[in-house]
Amino acid sequence: MEIPFNPARLIESALLEAAADCGLPGDDFAPQVRPADPRFGDYQANGVLPFAKKAKRNPREIATQLIGAMQARQILDPNLVEWEIAGPGFINFTLLPAFSHAWLQAFSCRADLQAGAGTRLKGHRHVVDYSSPNTAKEMHVGHIRSTVIGECLARLLAFSGAEVIRDNHIGDWGTQFGMLIWAIKETGYDLYARESARTVADLEALYKQGNAAYRESEEKAAAIRAELVKLQQGDGENLRIWKSITDVSWKAFDEIYQRLGIRFDEVLGESFYRDKVGRVWEELRDCGLAVEDDGALVVFHPEHKRFATQPFIIRKKDGASNYATTDLATVLHRKEHLGADGMTYVVDSRQSDHFEQLFLTVDKWFAATGRDRPEMNHVAFGTILGEDGKPIKTKEGGSVKLRDLLDEAVRRAEVIVREKSPHLDEEETARVARAVGLGAIRYADLSQNRTSDYLFAWDRMLTFEGNTAPYLLYAVARIHSIFRKAEVEPERDFAEADPPQTDEEKALARKLLAFPSTLEMVLGDLRPHVLCTYLFELAGVFSSFYNANRVLGAPPEVRDRRLLLCARTLLILRTGLELLGLETVKRM
Ligand code: ARG
């Protein structure tokens, strides 16, 4: 028998086969196998109830029939899986140690896991639109969420077999460039005189200066508008200045991305679409979606409560394009030129209306023009709050720069690492501090349900107790140390090892086998915290196992059987943390 990566698939296909044997019409019966409450088993099939209801039959009777069919032909080997009917017609399944053992043998390294998981989204091309800061501004704490969640989802999608295109939709076009160019010319500012991060801070100041001048006198306002028009009309010098602003901004952003191990495949900012909006206006008007409203071009959605009257403005009164036009052109480009089957936008929940209107508009536009509609998701997230429960700010009331935040995380982690692990040399201390500090920031963000706001608290994210990065990184290092003491490589072949026997071994094996369904759940509604919770629980189950079952001093066959479980726990913890974007260490 071939062992599927997700054991639920085995149960599903067995139920479908049994259903065919019982003459249940195949199209109507969906087994609906889901992870179960662990007190009752590993999986529960929920599909009998809705089927029985539709067929006006007794669900328990149908469940009994299905089970009878599975037994009669041994569709599922009773030595591998146990099942029983529960309640009005659910069927609970429990994986037996022989099955767990076969699975642990079949998926013995990262490549095996990837091959197993990677069949799910094979052939699906998916754009993840994330991070997306605006140029001429420093990245601040608000950008951490999109960056970290987006990177995690990109990794998860790629692990599940999708061809992922990471696209950073930077805000590099708009009216602010009139003010910036004016201020740069006015002050004679040299964009390349200082390191890029410093330059970006200067650009923020220059923008403020331009903005103040704009409001100061009509004369200056006219000069600023003239700079913007020149830029839009392709004036050589203004384009050069604009380009330099993008270059130095990108350099500063990229320093942060490099620290976080993030690389984008595309950086098609808003400016890329500035000559691609005409077609959007034309098509939307031709298919009757866009209408003139008080001089602007807008889309209404009559079937929607709010958007029936709240317009989606796609061309401003003055004829200029805006954020909405650009996003419509972006969808078209991703569909036509990148061949995207799906797009995920990782953006603040305050932009929910924008994306809802965008998706509704694309639905109708693509339907009217005979294009396949890509799958589109807005992965919204809440605000980061300071310890006072208000949106996080510096002491002076400014926004916290992302660069400073990352520095501080590593600095704080280093103090802790020096205290906890005085045996490490300087180089290792630095490496561990980086893994713990940056990991803590990422994990604190990812482990929260993304739609809620979360409290940014250094002490809480850097503690070794509870659902934190240090706790999980320590769990990984601890398993490495078990292997060092055993003088065995965790990658060793454990083909001769026995199946799990004690209760703790069995519990650990079952938790390990829940990894595939966890990944499916995370992808189902794009919520990384589900993976965090799983890894945290796995580390807990491992601890209980390790405390109750001697590994190192045990007789050889017992030791081997338990080392196999240690090796697979290490593999899944490391793979899971890597998907979250955390770097792990072997020793701490
Ligand atoms: N630059 C935008 C902002 O800072 C985010 C862009 C998100 N992506 C998009 N395709 N709209 O709000």
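The chain is numbered in sequence order, starting from 1. We count ligands from 1, going down the list as the structure has it; atoms in each ligand are counted the same way.
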* Cationic tip of Arg274 above Trp242 ring, under 6.0 Å, 45° of axis ->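 Satisfied, under 6.0 Å and within 45°.
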Looking at [X], which atoms of ligand 1 are within less than 4.0 Å of one of its heavy atoms?
X      : value
Tyr323 : 2 (C), 5 (C), 6 (C), 7 (C), 9 (C), 11 (N)
Tyr345 : 10 (N)
Asp327 : 9 (C), 10 (N), 11 (N)
Val347 : 7 (C)
Gln351 : 3 (C), 12 (O)

* Determine the interplanar angle of the His304 and Phe307 rings, folded into 0 to 90°, and report it as parallel if under 30°, tilted if 30 to 60°, perpendicular if over 60°. =>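 Parallel.
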* Asked: In terms of the angle between their ring planes, are Tyr471 and Phe536 parallel, tilted or perpendicular, with boundaries placed at 30° and 60°?
  ->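 Rings of Tyr471 and Phe536: perpendicular, as their planes differ by over 60°.
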* Asked: Nearest heavy-atom pair of Thr451 and Arg527: which atoms, and what distance?
  ->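 Looking at all heavy atoms of both residues, the shortest contact is OG1-NH1, 3.0 Å.
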* Asked: How close do Ser249 and Ala136 get, heavy atom to heavy atom, and via which atoms?
  ->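 Closest pair (atom of Ser249, atom of Ala136, distance): OG-N, 3.0 Å.
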* Give a yes or no answer on whether the side chain of Thr463 reaches the backbone of Asp459 with a donor-acceptor pair at less than 3.5 Å. =>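 Between the backbone of Asp459 and the side chain of Thr463 there is no qualifying donor-acceptor contact (under 3.5 Å).
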* To do: Would you check the N or O atoms of Asn134, main chain and side chain alike, for any that come under 3.5 Å of an N or O of ligand 1?
  =>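 Yes - when backbone and side-chain N and O of Asn134 are compared with those of ligand 1, one distance drops under 3.5 Å.
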* Asked: Can you find an N or O of Ser132 that's nearer than 3.5 Å to an N or O of ligand 1?
  ->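 Ser132 vs ligand 1: N/O contact under 3.5 Å present.
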* Thinking salt bridges, do Glu408 and Arg412 make one under a 4.0 Å N-O criterion? ->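 The answer is yes: the pair qualifies as a salt bridge.
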* Which protein non-hydrogen atom lies closest to atom 8 (N) of ligand 1, naming both residue and atom, and how far is it? ->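 Protein heavy atom at minimum distance: Asp129 OD1, 3.1 Å.
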* **Phe355 contact mode with ligand 1 (heavy-atom cut-off under 4.0 Å)** =>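 The part of Phe355 near ligand 1 is the side chain, not the backbone.
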